[in-house]
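Here is the structure we will look at, set down as structure tokens.
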Amino acid sequence: QVQLVESGGGKAQAGGSLRLSCAASGGTFSTYPMGWFRQAPGKEREFVAAISWSSITTDYADSVKGRFTISRDNAKNTVYLQMNSLKPEDTAVYYCATPYSHSTPMRALAGGDRPDDCWGQGTQVTVSS
């Protein structure tokens, strides 16, 4: 079973940048599709971005398209989320995740009702205006 640990969260001003990292251990990271999700207070968890195992395919929520970039380094077992032009509405706890079955569409994980998927503990991002 893979373990995921996020880091890089913190506080930023609107218009600023942050880079999140998600380090994986205990599995064959290079074969996993990876995703980032976020959950703001009082809101449901939502999909942010996804990347295939080969980095060939990426997917973004409309709300972050053009501002956020997902990438991965399979040699370091790490996936990244570069967040630019941050907005106060980006404030949330950010999670990385990978589905139990690699064929599961990443966006399907947002519901949080799939107990076999693998999630990190989350990292807080706070953007002030």
Side-chain angles (χ1 to χ4, degrees):
Q1 179 74 1
V2 64
Q3 289 84 46
L4 302 174
V5 179
E6 301 94 338
S7 61
K11 298 180 179 180
Q13 296 279 343
S17 298
L18 286 172
R19 188 195 196 200
L20 305 184
S21 299
C22 172
S25 61
T28 312
F29 176 81
S30 61
T31 68
Y32 301 154
M34 296 296 301
W36 285 97
F37 297 79
R38 67 186 182 185
Q39 188 166 19
K43 295 188 177 181
E44 295 184 348
R45 188 172 299 184
E46 64 175 356
F47 167 78
V48 174
I51 189 167
S52 61
W53 67 270
S54 63
S55 300
I56 291 177
T57 304
T58 57
D59 185 24
Y60 296 92
D62 288 343
S63 59
V64 307
K65 201 171 293 183
R67 300 188 298 120
F68 291 10
T69 302
I70 189 170
S71 63
R72 65 190 295 161
D73 185 338
N74 286 343
K76 296 183 178 179
N77 289 352
T78 302
V79 62
Y80 305 97
L81 186 67
Q82 178 67 44
M83 305 186 295
N84 299 329
S85 302
L86 284 164
K87 303 176 180 180
E89 51 263 43
D90 294 320
T91 295
V93 177
Y94 283 71
Y95 302 87
C96 64
T98 188
Y100 177 78
S101 170
H102 294 181
S103 62
T104 300
M106 189 64 68
R107 290 175 181 254
L109 273 63
D113 56 354
R114 299 165 48 85
D116 293 331
D117 297 328
C118 185
W119 292 85
Q121 84 288 350
T123 186
Q124 176 71 47
V125 170
T126 302
V127 183
S128 58
S129 58

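Predicted model only: the values in this text are computed from it and were never measured.
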Within the 4.5 Å heavy-atom criterion, are [X] and [Y] side-chain neighbours or not?
X: Y80; Y: D73; answer: yes
X: E6; Y: Q121; answer: yes
X: W53; Y: Y32; answer: no
X: Y95; Y: L4; answer: no
X: M34; Y: F29; answer: yes
X: Q1; Y: C118; answer: yes
X: R45; Y: W119; answer: yes

Grouping I, L, V, M, F, W and Y whenever their side-chain heavy atoms are under 4.5 Å apart, do L109 and W36 come out in a common cluster? no

Is there a path from Y60 to M106 through hydrophobic residues (I, L, V, M, F, W, Y) whose side chains come within less than 4.5 Å of each other?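 Each belongs to a different hydrophobic cluster.
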
Got a donor-acceptor contact below 3.5 angstrom from the T91 side chain to the V127 backbone? yes

Where the side chain of T98 meets the backbone of P33, is there a donor-acceptor pair that is under 3.5 Å apart?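 Looks like yes, one N/O pair under 3.5 Å.
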
Is the ring pair F37/F47 parallel, tilted or perpendicular, if the boundaries are 30 and 60 degrees?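 Rings of F37 and F47: perpendicular, as their planes differ by over 60°.
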
For residues [X] and [Y], report the shortest heavy-atom separation together with the two atoms involved.
X: S85; Y: S17; value: N-OG, 4.4 Å
X: V2; Y: A24; value: CG2-CB, 3.9 Å
X: P88; Y: S128; value: CG-C, 4.5 Å
X: T78; Y: A23; value: OG1-CA, 4.1 Å
X: R107; Y: D59; value: NE-OD2, 2.8 Å

In terms of side-chain geometry, is the basic nitrogen of D90 or K87 positioned less than 4.0 Å from the acidic oxygen of its partner? no

Working to the nearest 0.5 angstrom, can you tell me the gap between [X] [atom1] and [Y] [atom2]?
X: S7; Y: Y94; atom1: OG; atom2: OH; result: 15.0 Å
X: Q39; Y: Q124; atom1: CD; atom2: CD; result: 11.0 Å
X: C96; Y: I51; atom1: SG; atom2: CD1; result: 13.0 Å
X: R72; Y: S30; atom1: CZ; atom2: OG; result: 7.5 Å
X: Q13; Y: L86; atom1: CD; atom2: CG; result: 10.5 Å

More than 12 heavy atoms of other groups within 6.0 Å of K43 NZ: no

Given the rule in the side chain to side chain contact (heavy atoms under 4.5 Å, CB included) test, do V125 and M83 qualify, once you have shown the distances and angles that lead to the verdict? CA-CA 10 Å; V125 170; M83 305 186 295; 3.8 Å; yes

Partner of R38 under side chain to side chain contact (heavy atoms under 4.5 Å, CB included), chosen from V64, L81, L20: V64

Can R114 be said to sit on top of Y100's aromatic six-ring, NZ or CZ under 6.0 Å from centre and within 45° of the ring axis? no

